[in-house]
Amino acid sequence: MRIKIVAGNWKMNKSHSEAIELVQKIMASDYDNSVQLIVFPPSIYASEIAKITSSSATALGIQNCSEYDSGAYTGQLSASMIRSMNVKYVLVGHSEIREYFNEQNKTLASKINQLITNDLTPIYCCGEVLQEREKGNHFNLVKSQIEEGLFHLDENQIAKCVIAYEPVWAIGTGVTASSSQAQEMHHFIRSLLAEKYSENVAGSISILYGGSCNPENSQELFANPDIDGGLIGGASLNAVDFIAIANSFS
Ligand code: PGA
């Protein structure tokens with residue numbers, strides 16, 4: 001059985017004290033304990049948040065990592081450093097990094113290798129921009145992101161990954177993919193996994209939806225058979241909304 005996940009990507013938001021307050025509020029809330037909650041704060045707060053979350057079921061994640069082992073890469077964090085901080089999850093291939101830093105699938109494949117080698121769980125983001133959907137090219141585009149970023153992994157390694165489908169046109173825009181558009185793409189991704197690996201492997205990988213997910217639409221999205229939770233941006237900056245999303249599985 002795959003796990004249900006609600007992950008909060010705080011991006012470049014929150015002061016130090018606001019970040020601590022937010023994680024404490026999340027941990028003090030009542031939520032469905034069959035859901036794995038993950039917070040992705042700005043990395044500068046990670047070591048302090050790691051101490052706060054260490055005794056709780058809320059997991060800590062990091063928003064990005066380097067594709068290199070170590071050395072002269074100013075500003076970067078290696079997977080082994082992240083591993084040494086009691087962190088389990090790392091985002092890979094978020095569309096903002098793909099776009100603003102021109103990150104290619106090949107680089108993402110190297111990052112995935114770093115994470116797998118260091119026993120971390122990648123949350124691999126994929127999704128099309130609006131023009132690709134309008135051209136009817138969204139399935140091809142997502143297929144190439146999945147194939148080039150992940151399909152070099154063997155069956156045991158891919159089973160350690162989480163995938164997040166985030167249509168770029170829905171991120172931070174207030175426009176959500178409809179429940180049927182999201183389910184259709186999640187089902188497509190799962191069928192790619194089944195074809196390449198097996199039904200068993202495909203059935204064990206959590207696929208999250210991201211893009212303007214909020215307490216008003218999460219219930220309908222999460223009711224779909226191939227949607228195993230959400231990667232939440234804006235609505236994760238407020239503990240009440242984030243927890244309401246975590247509590248919206250039927
Ligand atoms: P959003 O962001 O929920 O603010 O659209 C989602 C994401 O970028 O992960």
Side-chain angles (χ1 to χ4, degrees), residues 4-14 18-19 22-23 26 35-43 45-46 58-65 87-103 108 111-112 115 121-130 132-133 138 141-142 145-146 149 161-179 181-183 185-186 189 206-222 224 227-249:
K4 296 182 271 183
I5 296 175
V6 171
N9 176 11
W10 299 0
K11 307 190 181 182
M12 197 172 71
N13 292 295
K14 300 288 179 191
E18 289 167 346
L22 177 54
V23 75
I26 290 169
V35 178
Q36 173 65 64
L37 286 191
I38 312 171
V39 291
F40 288 89
S43 304
Y45 309 137
T58 304
L60 172 63
I62 297 291
Q63 295 178 14
N64 193 12
C65 78
V87 170
K88 175 145 188 238
Y89 296 92
V90 179
L91 291 181
V92 180
H94 191 281
S95 63
E96 286 151 14
I97 306 181
R98 286 181 187 263
E99 184 185 346
Y100 307 144
F101 299 92
N102 195 26
E103 197 170 57
L108 300 176
K111 292 187 175 191
I112 294 281
L115 296 175
T121 301
I123 299 190
Y124 181 74
C125 305
C126 59
E128 79 286 357
V129 296
L130 186 59
E132 298 292 340
R133 181 163 280 265
H138 44 300
L141 197 278
V142 168
Q145 291 173 331
I146 297 282
C161 297
V162 173
I163 294 173
Y165 169 59
E166 300 203 296
V168 181
W169 45 272
I171 296 181
T173 57
V175 180
T176 321
S178 69
S179 165
Q181 284 171 323
Q183 165 58 25
M185 186 60 87
H186 282 231
I189 294 170
S206 299
I207 307 179
L208 314 182
Y209 170 79
S212 296
C213 184
N214 61 43
E216 281 73 54
N217 57 33
S218 51
Q219 191 166 9
E220 192 185 339
L221 285 161
F222 297 174
N224 287 289
I227 301 184
D228 306 306
L231 178 55
I232 320 297
S236 74
L237 299 174
N238 173 305
V240 173
D241 287 349
F242 187 58
I243 294 298
I245 294 170
N247 284 334
S248 59
F249 289 89

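Counting starts at 1 for both ligands and their atoms, following the listed order. FYI, the numbering just counts along the sequence from 1.
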Inset, instruction - Output the list of atoms in ligand 1 that are nearer than 4.0 Å to some heavy atom of Gly172, sorted by atom number. - result: 1 (P), 4 (O), 5 (O)
Legend entry - Nearest neighbour in protein (non-hydrogen) for atom 3 (O) of ligand 1: Gly233 N, 2.9 Å
Inset, instruction - Answer with side chain, backbone, both or neither: which part of Ile171 has a heavy atom less than 4.0 angstrom from an atom of ligand 1? - result: both
Inset, instruction - Please state whether Gly210 comes within less than 4.0 angstrom of ligand 1, counting heavy atoms only. - result: no
Inset, instruction - Using a strict 4.0 Å cut-off to heavy atoms of Asn9, name the atoms of ligand 1 that fall inside it. - result: 9 (O)
Legend entry - Shortest non-hydrogen separation from Ile171 to Ser95 and the atoms involved: CD1-OG, 3.3 Å
Legend entry - Exam field: side chain Lys88 to backbone Thr121, donor-acceptor pair closer than 3.5 Å: no
Legend entry - Close approach, Ala170 and ligand 1, non-hydrogen under 4.0 angstrom: yes
Inset, instruction - Could you find the nearest protein heavy atom to atom 7 (C) of ligand 1 and give me its residue, atom name and distance? - result: Glu166 OE2, 3.2 Å
Legend entry - Interfacing atoms of ligand 1 (cut-off 4.0 Å, heavy-atom, Gly234): 1 (P), 3 (O), 4 (O)
Legend entry - Contact atoms of ligand 1, heavy-atom distance to His94 under 4.0 Å: 7 (C), 8 (O), 9 (O)
Inset, instruction - Identify the heavy atoms of Pro167 and Gly210 that sit nearest to each other, and give their distance. - result: CD-O, 3.4 Å
Legend entry - Plane angle bin for His186 and Tyr209 - parallel if under 30°, tilted between 30 and 60°, otherwise perpendicular: tilted
Inset, instruction - Check Ser218, Cys213, Ser212 against Thr176 for a side-chain contact (heavy atoms from CB on, under 4.5 Å) and give me the one that passes. - result: Ser212
Inset, instruction - Mark the output for Ala235 as yes if a heavy-atom distance to ligand 1 is under 4.0 Å, and as no if none is. - result: no
Legend entry - ligand 1 to Lys11 polar contact by distance, N or O atoms, under 3.5 Å: yes
Inset, instruction - Please name the pair of heavy atoms, one in Gln63 and one in Trp10, separated by the smallest distance, quoted to 0.1 Å. - result: NE2-C, 4.0 Å
Inset, instruction - Report yes or no: does Asn238 contribute a side-chain atom to a donor-acceptor pair with the main-chain N or O of Asp241 at less than 3.5 Å? - result: yes
Legend entry - Atoms in ligand 1 with a heavy atom of Gly211 nearer than 4.0 Å: 5 (O)
Inset, instruction - Please report the shortest heavy-atom distance between Cys125 and Leu91, naming the atom on each side. - result: SG-CD2, 4.4 Å
